[in-house]
Amino acid sequence: MKTYKYFFIALLTATAPIALTSCDDDNDDANDPWVLVWSDEFNDPTADNRPDPSKWTYEIGASGYGNEEKQNYTDRVENACYAIEDNEGCLKITALADNYQGVRYSSARLKTQGRFATTYGRFEARMKLPYGPGMWPAFWLLGANYATDTWPKCGEIDIMENKGYQPNIVSSAVHCPGHSGGNPFTSTFGYQDQRFDTSFHVFAVEWDESQIEFSVDGHIYHTVTSGEMSQGQWVFDHPFFIIINLAVGGVFGGDPTADTVFPQSLYVDYVRVYQRQSQITSNNAVVGSTVSGWNNGGGTNADMD
Amino acid sequence: MKTSVYSTTAAFLALSLMPVISSCERDIDTDIPATSPQIADVFVDGFSSGIEFQAWGNVTNLSTDTQTKYDGTTSLRIAVPEPGDFLGSWAGGTFYTSSGRDLTQFNCLTFYAKASVGASIEVGIGNYGDDPQYAVAMKGVKLDSNWRKYIIPIPNSAKLTCEKGLFYYAAGAVNGAGYTIWIDEVKFESIGTLAHTRIKDMTMAGFPSGDFKISELECYVNLPNGTFQTLTASSKYFDFTSSNPEVATVEGNTVTFHGGKGEAVLTPKQAEGSITITDVYDYAPTPTLPSSDVISVFSDVYPSVGNAIFNNYWGYQTTTDDMIDAGGDHMIHYGSFNFVGIVFQQDIDCSNMNYMHMDVLLMSKTLTSKIFTVTPHAKNGSESYEGRATLKTGEWVSIDVPLDPAVNPIHELVLSRGDGCIYDDILVDNIYFYKN
């Protein structure tokens with residue numbers, strides 16, 4: 001926790017100008033600007049070329065994750081590494097049809113659990129998606145309290161999900177009590193004449209105490225407000241951590257077909273989290289201890305330390 | 001959401017206008033060669049300006065229809081004949097322009113189509129004249145009674161600076177009966193949701209010298225629904241780089257061998273996928289027997305008899321075949337080889353011959369079992385003596401097997417892997433019967 005506090009102050013000083021320009025197009029408030037509080041730019045590869053262990057941990061295994069997913073999530077460099085794509089330093093998550101450990105597909109699911117979680121803010125990632133039937137890339141947030149307040153009570157904010165057979169359409173969703181599984185608050189965004197797997201696009205959510213607002217490349221297309229929820233459904237006032245994964249198969253977009261080309265990769269140019277200046281400064285820290293660093297990974301968390 | 005899409009489109013339009021505006025401010029450069037017109041339409045409610053039609057098969061198969069159409073006033077109506085129609089047994093034709101069009105700004109041809117019965121047809125572009133350079137064929141296109149939009153992707157439209165063949169179709173009867181096809185709104189488009197052009201990964205044999213033509217490639221373009229459209233396209237759409245120019249280089253659709261040994265990977269600049277030259281092999285030994293002692297089935301030295309079919313596609317076989325012309329030296333390449341039948345359309349009387357000869361080269365470097373067999377059969381199924389050899393990777397092995405005089409005339413040769421299960425690439429040359 002102490003480490004994070006200092007890290008923060010340094011970040012505040014260093015990144016404020018970037019924050020101002022980056023959010024110009026989106027709901028900016030000159031009196032209360034967005035300030036970058038956490039990011040991974042993926043520009044400086046680690047010694048072993050694997051994701052920075054101070055920021056990311058792995059979900060491991062082939063449990064299907066309640067969605068009949070067909071991949072085995074690993075912590076191998078083959079499934080998650082640094083790479084250059086379109087001249088950008090990136091995190092590259094790769095789905096392979098390699099029968100690793102007897103499972104037909106392998107891939108990776110990275111999360112900031114135990115490294116970073118926060119309440120409210122703007123979460124954005126610039127990504128180039130994989131393609132083909134059976135690909136299910138996702139950029140999402142999960143309530144850090146999920147071990148005690150089990151899903152969907154912990155809350156889930158899906159900033160971007162894509163069905164590999166719809167290369168020009170993405171969707172977002174909010175899962176909470178009464179609106180989860182196949183019945184979340186959800187909406188899709190599509191480009192008529194461009195795809196998400198041929199160039200990078202910015203997927204973002206802006207989340208505060210009253211609403212959750214989703215955008216693609218600065219186009220806001222979906223807002224979920226606390227006002228439209230019934231009593232007990234708004235479970236979005238506690239820290240959430242970030243997850244980025246590339247699932248293969250499952251109930252969302254179906255399984256790979258003979259048409260699906262492997263390997264397939266999800267490229268992440270950066271992940272950034274901003275918060276309002278007022279939220280950070282009002283308590284001389286972050287409001288309600290919204291930024292947390294802790295070490296109890298739990299579950300199937302595989303620490304990289 | 002609509003707002004988002006429209007605002008993006010508007011922004012894109014604004015951006016795309018900029019180069020046009022700025023280019024108008026430049027002085028006229030008289031060194032620029034004359035260019036072909038950039039026109040999208042082929043047939044919308046009538047033939048686009050300069051479009052002509054050449055019928056194939058049944059010459060009267062094409063007309064127009066003002067009653068059944070997808071949009072506007074008029075569609076194309078194709079009457080697919082019964083197979084016995086004296087005017088022609090199938091329907092086809094090509095839409096062309098004798099002056100050529102610049103299609104570089106488009107990436108596909110699109111049209112709407114439906115048919116009076118469920119049918120499977122072939123369509124494509126670039127097919128006009130005796131020597132089409134940039135043909136693209138889309139086979140097995142399924143039509144039914146509903147109007148649907150079809151997309152023929154252009155693998156690399158930068159090559160189409162002056163293309164004459166704009167659209168073609170070919171259709172045959174269904175269950176022995178004729179039917180009607182309607183086609184409408186035929187035009188070139190630039191669609192931002194086409195992506196990931198890829199050629200089928202292939203392996204081929206290399207030779208010490210000579211030119212080898214790649215006639216056409218199977219290639220794939222990812223469609224807006226995330227699935228791949230399979231195309232058969234001229235290799236001239238792509239520029240290839242070679243990983244080992246001392247072995248081979250590519251110019252146009254011709255691979256030229258330069259005498260180097262080893263592997264070379266040929267990679268198109270404009271698509272994913274590659275062609276791998278697995279190794280460089282010598283030519284098969286040239287036969288030396290006098291012609292009077294030989295009845296040849298396949299050889300560059302002797303005239304061939306028997307009118308052989310070199311792959312009869314029997315059940316359970318995986319074997320594919322293609323003919324290699326390596327600088328005038330012809331040989332047969334069998335891929336995914338488990339067994340194959342070489343069938344003579346005219347049985348061969350070998351009563352004066354007492355041996356069969358065949359040269360075989362194994363391309364694989366990894367096989368442990370390399371047993372190969374060949375057995376001549378008579379039409380009634382009776383078998384002559386089996387020829388059996390252990391193949392050598394990268395080397396020609398000659399097989400000479402005595403003929404059983406009781407099995408004559410000879411109707412077919414059965415080539416097989418001795419273990420019957422491992423698949424691989426082999427080359428075959430100089431198949432003949434002889435006496436000694």
Side-chain angles (χ1 to χ4, degrees), chain A residues 25-26 86 128-137 162-172 186-204 213-223 248-249 252-265, chain B residues 1-17 40 105-108 110 138-140 142 149 151 153 155-157 187-202 218-231 267-268 270-274:
Chain A
D25 295 339
D26 297 282
D86 297 345
K128 181 172 165 180
L129 306 188
Y131 69 94
M135 290 299 117
W136 179 8
N162 166 254
K163 297 169 179 171
Y165 62 82
Q166 295 178 329
N168 59 334
I169 296 171
V170 292
S171 62
S172 55
T186 186
S187 184
T188 57
F189 175 91
Y191 280 123
Q192 203 164 25
D193 202 36
Q194 58 176 315
R195 302 167 55 127
F196 292 107
D197 58 338
T198 52
S199 59
F200 282 95
H201 296 267
V202 176
F203 307 95
E213 192 169 76
F214 299 93
S215 67
V216 175
D217 297 329
H219 305 297
I220 297 164
Y221 70 99
H222 181 206
T223 304
V248 180
F252 184 68
D255 290 343
T257 67
D259 235 16
T260 309
V261 175
F262 284 92
Q264 282 293 322
S265 293
Chain B
M1 169 144 150
K2 276 184 180 168
T3 313
S4 302
V5 173
Y6 289 149
S7 64
T8 310
T9 311
F12 178 74
L13 279 173
L15 276 173
S16 61
L17 279 173
Q105 65 174 319
F106 308 109
N107 65 2
C108 60
T110 66
M138 205 162 101
K139 297 170 183 172
K142 290 188 167 46
K149 186 174 184 177
I151 299 171
N156 172 29
S157 62
K187 57 190 175 188
F188 289 93
E189 289 192 71
S190 182
I191 296 180
T193 45
L194 298 177
H196 307 297
T197 302
R198 188 163 59 85
I199 67 165
K200 184 179 184 180
D201 288 324
M202 291 166 44
E218 186 165 311
C219 67
Y220 316 93
V221 176
N222 203 250
L223 297 176
N225 65 3
T227 62
F228 278 103
Q229 176 63 54
T230 302
L231 305 166
T267 308
Q270 300 91 352
E272 299 165 33
S274 61

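As the structure is a computational prediction, the values presented were derived from the model and not from experiment. For the numbers below, each heavy atom of this structure counts, side chains included, while hydrogens, waters and symmetry mates do not. First the proteins, then the strands, lettered A, B, ... as listed; each starts at 1.
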Revision key, fill the gap. In short, B:Pro224 meets A:Pro167 closest at the heavy-atom pair O-CD, 3.1 Å

Review point. For B:Glu218, which residues count as a salt bridge (charged side-chain N to carboxylate O under 4.0 Å, His left out) partner, sequence neighbours excluded?
Key: none

Practice item. Just give me the residue among A:Val216, A:Ile169, A:Asp197, A:Asn168 that pairs up with chain B most often, heavy atom to heavy atom, under 4.5 Å. Key: A:Asp197

Check your understanding: Between B:Thr230 and chain A, which part of the residue has a heavy atom less than 4.5 Å away: side chain, backbone, both or neither?
Key -> neither

Practice item. Could you please state which residues from residues 255-265 of chain A sit under 4.5 angstrom from chain B, measuring non-hydrogen atom to non-hydrogen atom, sorted by number, or 'none'? Key: A:Asp259, A:Val261

Practice item. Could you tell me the separation between the CD atom of A:Gln192 and the OG1 atom of B:Thr193, rounded to the nearest 0.5 Å? Key: 9.0 Å

Review point. What parts of residues 129-136 of chain A touch chain B if we use heavy atoms and a cut-off under 4.5 Å?
Key: A:Tyr131, A:Gly132, A:Pro133

Revision key, fill the gap. Separation between CG (B:Asn225) and NZ (A:Lys163), nearest 0.5 Å, reads 14.0 Å

Practice item. Could you tell me which non-hydrogen atom of B:Asn222 sits nearest to which non-hydrogen atom of A:Arg195, and how far apart they are? Key: OD1-NH2, 2.6 Å

Revision key, fill the gap. What one should report as the nearest heavy-atom pair of A:Thr198 and B:Ala195 is CG2-CB, 3.4 Å

Point to revise | Contacts of A:Asp86 that satisfy salt bridge (charged side-chain N to carboxylate O under 4.0 Å, His left out) - sequence neighbours left out | key: A:Lys128

